[in-house]
J.: 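Structure in structure tokens, see below.
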Amino acid sequence: MQDKGGFAKGMRAFALGSTIAVQFAVSLVLGILGGRYLDELWGTGPWLLLLGLLLGLAAGTMGIYRTVSRFIPNKEPGGKNDRP
């Protein structure tokens, strides 16, 4: 049987993983759908779809970085995430 501290750590890890997965997937899908919509609207071929894909990847990567950086302690003294 697992203790409560281990269970809480497991649930936090699960929450972090699911947050990262959903954030990345939503950014990617929104970029693709937006690019596809604008391609159909303006008849620009696959170019805006590709641009939307790249923007979605960039937004997803930035979201992952921002989410994970909250969980990594800052080593600089006086940093925002500096924990005792």
J.: Which heavy atom in Ser27 sits nearest to a heavy atom in Gly60, and how many Å separate them?
T.: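 Result for this residue pair: CB-N, 3.7 Å.
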J.: Would you mind listing the cluster partners of Leu51? Hydrophobic ones only (ILVMFWY), side-chain contacts under 4.5 Å, chaining allowed.
T.: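 Once heavy-atom contacts under 4.5 Å are chained together, Leu51 belongs with Tyr37, Leu38, Leu41, Trp42, Leu48, Leu55.
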J.: Tell me, please, which residues at least two apart from Arg36 pass salt bridge (charged side-chain N to carboxylate O under 4.0 Å, His left out).
T.: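 Partners of Arg36 under the salt bridge (charged side-chain N to carboxylate O under 4.0 Å, His left out) test: Glu40.
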J.: Tracing side-chain links under 4.5 Å among I, L, V, M, F, W and Y, which residues wind up in one group with Val22?
T.: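 Val26, Leu30, all in the cluster of Val22.
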J.: Working to the nearest 0.5 angstrom, can you tell me the gap between Ile20 CD1 and Arg66 CZ?
T.: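 The CZ atom of Arg66 is 14.0 Å from CD1 of Ile20, to the nearest 0.5 Å.
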J.: Side-chain heavy atoms under 4.5 angstrom apart, residues restricted to Ile, Leu, Val, Met, Phe, Trp, Tyr: same cluster for Leu53 and Leu33?
T.: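 No, no single cluster joins them.
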J.: With sequence neighbours excluded, give me every side chain to side chain donor-acceptor pair (under 3.5 Å) pair touching residues 10-21.
T.: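 Passing the test, one end in residues 10-21: no pairs.
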J.: Kindly write out the residues that satisfy side chain to side chain donor-acceptor pair (under 3.5 Å) with Thr44, not counting sequence neighbours, or none if the list is empty.
T.: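 Side chain to side chain donor-acceptor pair (under 3.5 Å) check on Thr44 returns Asp39.
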J.: If you look only at pairs with a residue in residues 50-65, which of them pass as a side chain to side chain donor-acceptor pair (under 3.5 Å), with sequence neighbours excluded?
T.: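 Matches after skipping sequence neighbours: none remain.
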J.: Residues in side chain to side chain donor-acceptor pair (under 3.5 Å) with Thr67, at least two apart?
T.: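 Applying side chain to side chain donor-acceptor pair (under 3.5 Å) to Thr67 gives Gln23.
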J.: Which other residues belong to the hydrophobic cluster containing Trp47, where Ile, Leu, Val, Met, Phe, Trp and Tyr are joined when side-chain heavy atoms lie under 4.5 Å apart, directly or via other members?
T.: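 Via sub-4.5 Å side-chain contacts, Trp47 links to Leu50.
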